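The following block contains the structure, expressed as structure tokens.
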Amino acid sequence: MSQAPLVLVDGSSYLYRAFHALPPLTTSKGMPTGAVKGVLNMLKSLRRQYPDSLFAVVFDAKGGTFRDEMFAEYKANRPSMPDDLRVQVEPLHASVRALGYPLLCVEGVEADDVIGTLARSSAAAGRPVIISTGDKDMAQLVDGHITLVNTMTGTVLDVPGVHEKFGVGPEHIIDFLALMGDKVDNIPGVPGVGEKTAVGLLTGIGGGLRELYENLDKVPGLAIRGAKTLPAKLEEHRDAAFLSYELATIKIDVPLEVEVDELVCGEPDRDALLELYTEMEFKSWIDEVQRDAKRAGQEIVVEAPEETVEAKYETILDQARFDVWLEKLRNAPLFAFDTETTGLDAQQAQLVGLSFAVQAHEAAYVPLTHSYMGVPEQLDRDTVLLALKPLLEDPKKLKVGQNAKYDMNILANCAIGGDIANCILMQGVAYDTMLESYVLDSTATRHDMDSLALKYLNHTTIGFTDIAGKGAKQLTFDQISLEQAGPYAAEDADVTLRLHQALQQKLAKTPSVLPVLNDIEMPLVPVLAKIERQGALVDANLLGIQSVELGDKLVQLEREAFDIAGEEFNLGSPKQLGVILYEKLGMPVLNKTAKGQASTAEAVLAELAEMDFPLPKVLMQYRSLSKLKSTYTDRLPEQINPRTGRIHTSYQQAVAATGRLSSSDPNLQNIPIRTAEGRRIRQAFIAAPGYKLLAADYSQIELRIMAHLAKDEGLLHAFRNDLDVHRATAAEVFGVDLADVTTDQRRSAKAINFGLIYGMSAFGLAKQIGVDRKQSQAYIDRYFARYPGVLAYMERTRAQAAEQGFVETLFGRRLYLPEINAKNPALRKGAERTAINAPMQGTAADIIKRAMVAVDNWLTESGLDARVILQVHDELVLEVREDLVEQVREQIRPHMSNAAALDVPLLVEVGVGANWDEAH
């Protein structure tokens with residue numbers, strides 16, 4: 001009985017072809033959907049033709065590939081993806097997955113390379129392969145087992161078919177392409193050699209490119225037009241021909257995380273399909289899914305798409321219309337607001353205008369400081385702000401924003417009448433659509449307005465680059481004409497209000513997450529805004545000294561590397577480094593890049609360093625110090641705000657899937673504290689004269705949360721009795737008395753405690769503590785025997801995650817795990833590790849956020865001269881007047897400890913110093 005073929009679909013090829021070949025199709029709201037429908041139709045047709053086959057749909061991943069490194073001009077002639085096509089990529093990927101097809105995108109290579117690798121692997125095992133594509137390059141893969149099918153034209157290419165179509169066999173397609181070149185991909189080829197000439201050369205010589213170049217003297221005798229001048233032309237462009245050969249060669253050894261036998265079509269996710277088809281208004285397919293669901297005994301309710309309503313937007317230029325809108329805002333139970341500014345830095349950008357919406361599809365923009373030539377007269381900035389100030393500062397007037405923290409900071413920094421003390425401190429921001437989406441599902445989509453509008457409203461917003469342009473010539477908002485700026489700004493407020501209405505309906509169906517939104521995320525918004533405005537004082541001179549010292553160390557390390565290598569080379573060049581490490585010094589190749597080169601990545605250098613090779617150790621030091629210098633000692637002084645003299649980081653609430661805060665511009669979360677150089681950077685964060693820095697840090701918070709979740713008596717006992725938990729674990733695992741635990745045993749126990757939280761395997765633990773795998777497995781087994789509650793928690797969590805598709809923190813924050821039931825073991829195990837860790841990491845994130853709110857409330861109500869200036873991981877850093885340090889030190893502990901009621905105490909360690917390092 002013949003084996004069912006493996007069907008490989010070139011998704012990227014069909015996406016472009018469907019977009020250009022089929023008539024445009026859009027929803028009632030203008031969302032393009034034609035390419036999605038074309039590709040899905042093709043997939044369904046293929047599935048009907050090959051119902052029992054293994055399947056994979058392969059798309060190009062974002063970013064460059066090894067061919068770009070090989071030839072900088074590769075595909076340089078290709079125009080950028082049209083916007084109408086770009087917005088269809090994500091819905092198409094989501095639809096393919098929802099239909100149950102395995103979908104592959106591999107970074108660093110093209111879809112062709114992934115298809116080539118799978119095809120050859122399958123063919124080698126004797127399984128026939130059908131490649132569904134319209135790409136001629138794929139003809140090089142055709143053999144007795146591999147056939148090309150063009151679903152759009154109905155053509156089939158087997159070995160004879162390739163001969164008939166191209167004039168050469170599959171074995172010479174690469175040579176054929178190398179000679180001709182490819183204008184679309186900007187593969188140079190040999191100028192003047194077209195299809196007929198290429199075929200004539202290859203068939204006339206009777207070999208490939210290499211044979212051709214070995215027999216150039218025979219070319220003048222071939223029956224080819226211009227044969228006499230061809231040898232000189234071929235010789236002149238020899239390098240281009242062989243480069244083109246490399247560029248045209250499909251890679252067939254891409255490292256993949258999936259085996260051919262795992263490419264099994266799963267059951268369709270009908271709920272997801274209905275949501276997608278509803279968004280894209282594929283009415284007949286909605287009916288089809290509902291019929292299938294009914295046959296399967298499912299009840300699925302489809303939310304009706306929002307009716308198309310013409311938007312009413314206005315730009316307010318006279319006092320009478322502003323007064324009308326002012327009255328609307330006063331009478332509205334809730335209104336949406338947005339600011340337009342000159343930049344993205346909330347501490348330096350200037351206010352240009354404000355927009356408002358009180359009901360869906362109706363909004364207004366109030367321009368204040370547009371300044372291009374010919375701009376109409378605008379209302380007086382200060383007069384408008386003074387009129388709005390009572391409304392915006394009224395805690396009883398409810399508002400909704402999208403990333404409202406930014407707007408709050410803009411208004412807090414806009415001095416009315418030139419007086420920074422006379423600003424607008426917004427209150428009553430009850431909702432933020434970015435956070436509503438984030439709490440609903442942190443991983444379902446990005447949480448920017450454009451992404452949310454497309455996902456939840458089927459609405460494509462006006463893009464900023466559409467009205468401002470791109471690159472160096474991009475206009476700031478005050479330079480954009482009111483004809484364009486007005487609709488853009490009004491739409492922001494309108495879409496914010498409509499998103500809030502849509503997201504509230506969805507949140508109502510998942511009421512368990514509402515406390516996370518209402519009691520944690522929203523109260524945190526004004527607290528973070530205040531911390532960002534406060535900023536941190538930095539000693540630029542000290543950073544300058546450190547930068548010079550790091551520069552000297554880098555020069556020393558570079559010389560040391562040259563001495564070991566026996567020659568000078570570029571330490572930043574992977575290619576040169578690879579030659580030194582593997583060809584000259586003969587180190588073992590532990591891993592390869594996507595293009596088959598020996599890897600020089602950080603993990604590989606670390607492994608080589610463990611094998612006592614001196615050069616990798618030097619290189620790791622060099623990279624670490626170079627990063628510190630470029631990211632911190634050189635960059636931080638440039639980021640000091642000239643108005644405040646401080647550094648103002650921006651905290652991101654809706655980035656990390658687990659709920660953790662992240663920071664940017666600058667990122668203060670990643671300053672290393674285990675190295676002297678990293679700690680010296682913290683020394684540059686200083687207290688103002690007359691003040692001290694106070695650092696309050698939760699001790700071992702995730703282990704304490706683990707003890708609470710696992711209800712393990714051994715861990716509970718250790719924490720309740722204030723034992724050194726790592727020493728206690730060492731005593732249990734190594735079978736010694738607590739007093740006899742050695743430093744090495746405690747270190748190993750610490751690795752076990754934290755390793756198990758992060759899903760470390762016996763192999764990983766063995767590597768970390770320097771024992772063999774058998775010994776590390778014995779330690780893990782003994783750990784679970786001593787702490788059975790931990791093992792029970794892990795098994796229980798895996799099972800619950802697989803059943804419900806998500807895990808939760810103690811406070812109800814959800815993390816969805818789409819790969820938890822994946823057929824690919826690597827994906828599934830990764831999701832299981834996340835399932836075990838996320839409740840601990842997420843609960844820790846919730847606790848520090850609750851603590852920030854509690855501490856801010858306490859400081860505000862007490863009037864103490866102290867304020868939070870930084871939040872990093874499980875730590876709060878405060879600037880405190882010197883005479884209040886002891887009072888704040890004692891009082892901050894209970895405010896942070898009481899942020900959660902666990903079965904074990906939440907211990908807070910507090911340090912004080914003149915700088916951050918000293919305080920920590």
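For this chain, numbers begin at 1 and follow the sequence in order. Nothing here was measured: the structure is a model prediction, and the numbers come from that model.
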query: Does Glu521 pair with Arg813 as a salt bridge, N-O distance under 4.0 Å?
result: yes

- request: Given side-chain contact (heavy atoms from CB on, under 4.5 Å), test Leu694 with Glu879 step by step and report yes or no.
  value: CA-CA 6 Å; Leu694 181 149; Glu879 193 171 54; over 6 Å; no

message: With a sphere of 6.0 Å drawn around CD of Glu90, does it hold more than 12 non-hydrogen atoms of other residues, nucleotides or ligands?
response: no

Atom CZ of Arg559 with >12 non-hydrogen neighbours under 6.0 angstrom: no

Ring pair (Phe, Tyr, Trp, His ring centres under 6.0 Å) assessment of Tyr698 paired with His873: CA-CA 9 Å; Tyr698 284 113; His873 304 306; over 10 Å; no

field: Residues Thr496 and Gln402: side-chain donor-acceptor under 3.5 angstrom
entry: no

query: Taking it one step at a time, do Leu878 and Leu693 satisfy side-chain contact (heavy atoms from CB on, under 4.5 Å)?
result: CA-CA 6 Å; Leu878 285 73; Leu693 294 190; over 6 Å; no

- prompt: Is the closest side-chain heavy-atom distance between Thr649 and Asn667 below 4.5 Å?
  reply: no

task: Taking the side chain as every heavy atom from C-beta outward, state whether Trp916 and Ile686 have any atom pair closer than 4.5 Å.
output: no

message: Set out, in order, the CA-CA distance, both residues' side-chain angles and the distance that settles salt bridge (Lys or Arg N to Asp or Glu O under 4.0 Å) for Arg660 and Glu702, then state yes or no.
response: CA-CA 13 Å; Arg660 284 278 190 189; Glu702 290 185 17; 2.9 Å; yes

Audit row: Leu571, Leu577, side-chain contact (heavy atoms from CB on, under 4.5 Å) steps and yes/no: CA-CA 6 Å; Leu571 272 64; Leu577 182 54; over 6 Å; no

query: Would you say Asn641 and Arg646 make side-chain contact, with heavy atoms under 4.5 Å?
result: no

field: Any donor-acceptor N or O pair under 3.5 Å, side chains Thr843, Asp846
entry: no

- prompt: For residues Asp441 and Thr443, is any side-chain donor paired with an opposing acceptor at under 3.5 Å?
  reply: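 There is such a pair between these side chains.
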
- request: Using the side chain to side chain contact (heavy atoms under 4.5 Å, CB included) rule, pick out the option among Leu605, Leu557, Leu625 that qualifies with Met620.
  value: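 With Met620 as partner, side chain to side chain contact (heavy atoms under 4.5 Å, CB included) holds for just one option, Leu605.
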
task: Evaluate the salt bridge (Lys or Arg N to Asp or Glu O under 4.0 Å) criterion for residues Glu558 and Arg623: first the C-alpha distance (whole Å), next the side-chain angles of each, then the deciding distance (0.1 Å), finally the verdict.
output: CA-CA 11 Å; Glu558 189 175 49; Arg623 287 183 182 183; over 6 Å; no

- prompt: Is there a side-chain contact between Gln546 and Tyr632 (heavy atoms, below 4.5 Å)?
  reply: no

task: Classify the side-chain pair Glu875/His920 by whether it contains a donor and acceptor separated by less than 3.5 Å.
output: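 Side-chain D/A pair, Glu875 to His920: present.
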
- prompt: Any Lys/Arg nitrogen of Lys553 or Glu677 sitting under 4.0 Å from an Asp/Glu carboxylate oxygen of the other?
  reply: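 A salt bridge is present here (some side-chain N lies under 4.0 Å from a carboxylate O).
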
- prompt: Using the benzene-type ring in the case of Trp, are the ring centres of Tyr365 and Tyr488 under 6.0 Å apart?
  reply: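 No, the ring of Tyr365 stays outside the 6.0 Å limit from the ring of Tyr488, centre to centre.
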
query: Taking atom types as modelled, is there a side-chain donor on Gln652 or Ser650 under 3.5 Å from an acceptor on the other?
result: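 Yes, a side-chain donor-acceptor pair sits under 3.5 Å.
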
query: Does one side chain, of Thr476 or Gln479, offer a donor that lies under 3.5 Å from an acceptor on the other?
result: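 Yes, side-chain donor-acceptor contact under 3.5 Å.
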
Verdict with supporting geometry, Asp865 and Asp883, side-chain contact (heavy atoms from CB on, under 4.5 Å): CA-CA 10 Å; Asp865 190 356; Asp883 61 315; over 6 Å; no

query: Do other residues, nucleotides or ligands put more than 12 heavy atoms under 6.0 Å from the CZ atom of Arg446?
result: no

query: Does a side chain donor of either Gln347 or Asn413 reach within less than 3.5 Å of an acceptor in the other side chain?
result: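 The criterion, which ignores hydrogens and geometry beyond distance, is satisfied for Asn413 and Gln347.
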
message: Is any side-chain heavy atom of Val888 closer than 4.5 Å to one of Trp858?
response: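 In short, these two side chains touch, coming nearer than 4.5 Å.
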
Within-4.5 Å side-chain heavy-atom neighbours: Arg680 and Asp917: no

